[in-house]
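Quick notes on the structure that follows.
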Amino acid sequence: MVLTGDRPTGALHLGHYAGSLKSRLALQDTHDQTLLVADTQALTDNADDPDKVRRNVLEVVLDYLAVGIDPTRTTIALQSALPALAELTLLYMNFVTVARLERNPTIKEEIQARGFGRDIPAGFLCYPVSQAADITAFRAGVVPVGEDQAPLIEQTNEIVRRINRQAGRPVLTEAQALIPTMGRLPGADGKSKMSKSQGNAIPLSASPEQIQAAVRGMYTDPGHLRAADPGRVEGNVVFTYLDAFDEDHTEVERLKAAYRAGGLGDMVVKRRLDETLQALLAPIRERRAQLARHPDYLLEVLRQGTERARAVTQLTLDEVRAGLGLFSLFSASR
Ligand code: TRP
């Protein structure tokens, strides 16, 4: 089983595509896969704007289907409609310390970025525990995520080992992060990460004009003033994007060599990237517009997927309860 999730806080963008949507497209051919619309997790830093989270649930489903996720092969489920996840979270909370949560490098970084200071919502600090519940409830062996999520998988496996030790048998299974080799996609402005909140994201639904404008304004090599000058490829966002999205690697390598040697202008490279992104996003945009006319269908996809996920997650919860020796009031074995 393969599991990943996304927080429904906005439209998915190229960073999501390079970071995990692309792997998920490949994995649905070979694996039993579930995508979790993580609305409960989104609340951990959006409790003051639940409306935004609710509005974006079907938007994320729309993005999935538009890029080619096939709901007959991939289960799409809504986190807040799976009570077993909440109950597992509560049980797991006893197998992780606050100090360990505070040491999680991803959480540390996110706390900084959000400016929480000392006023960290407890739900936010503990979201790795809820993510551990997600991953283990589905018995996910593989979790295709960006590298920023690796510490969360590590923390999940720590919880798994503790629960199993306490239960005296392997009630839960460890998971492995599947991280794309290219690393995370920088924003169009050259900042470390593409993110909607930083205003440097190119959404999957971007119009041709939006794509063009984003590429035109993209960060290159500030020392490359004239086309004739030798330019730097490393840290040059246009080349990073070509590496991520241009399938013709030989041509990209040729362009890099020419750029390094001098004589290749930014405009030429940007034109190539513009063509590449236009070709990638045009069919996604079209499918998205078509599907957006059928909200009932999107709802039905999510409902059916969630139904399936309910059964799976409840089964895991039953086993964890039994493993931890909770008093079972409504079943024969006590
Ligand atoms: N934390 C993930 C993100 O921000 C979303 C997520 C929620 C997730 N539950 C998950 C990812 C389970 C992988 C597995 O993108």
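Both ligands and their constituent atoms are indexed starting at 1 by order of listing.
Of all the heavy atoms of V143, the ones lying under 4.0 Å from any atom of ligand 1 belong exclusively to the side chain. Neither the backbone nor the side chain of Q79 comes within 4.0 Å of ligand 1, counting heavy atoms alone.
For atom 7 (C) of ligand 1, the closest non-hydrogen atom on the protein side is Q41 NE2, 3.2 Å. The closest protein non-hydrogen atom to atom 4 (O) of ligand 1 is R7 NE, 3.5 Å. In this structure, atom 15 (O) of ligand 1 lies nearest to the protein heavy atom G5 O, 3.9 Å. Of all protein heavy atoms, the one lying nearest to atom 2 (C) of ligand 1 is Q149 OE1, 3.3 Å. Q131 OE1, 3.6 Å is the protein heavy atom nearest to atom 6 (C) of ligand 1.
Polar contact check, T4 against ligand 1: no nitrogen or oxygen pair lies under 3.5 Å apart. On a distance-only criterion, D6 and ligand 1 share no N/O pair closer than 3.5 Å. For a threshold of 3.5 Å applied to N or O pairs, the pair formed by Y127 and ligand 1 contains no separation below that value. Among the atoms of D134, some N or O lies under 3.5 angstrom from an N or O of ligand 1.
Close contacts of ligand 1 with V145, meaning ligand atoms under 4.0 Å from a residue heavy atom, involve 13 (C). Residue-ligand proximity, A38 to ligand 1, at heavy-atom distances under 4.0 Å covers atoms 7 (C).
Within a 6.0 Å radius of CD in Q112, no more than 12 heavy atoms belonging to other residues, nucleotides or ligands are found.
Within the cation-pi definition used here (under 6.0 Å to the ring centroid, within 45° of the axis), R7 qualifies as a partner of Y127.
For the pair N56 (side chain) and E59 (backbone), a donor-acceptor distance under 3.5 Å is absent. No side-chain donor-acceptor contact under 3.5 Å links H294 to the backbone of D296. Under a 3.5 Å cut-off, the side chain of T74 and the backbone N or O of P71 do not form any donor-acceptor pair. No donor-acceptor pair under 3.5 Å is formed between the side chain of H224 and the backbone N or O of D221.
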Audit row: N200, D189, side chain to side chain donor-acceptor pair (under 3.5 Å) steps and yes/no = CA-CA 6 Å; N200 61 11; D189 55 359; 3.1 Å; yes
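Using a 4.5 Å cut-off on side-chain heavy atoms (C-beta onward), I159 and I163 make contact.
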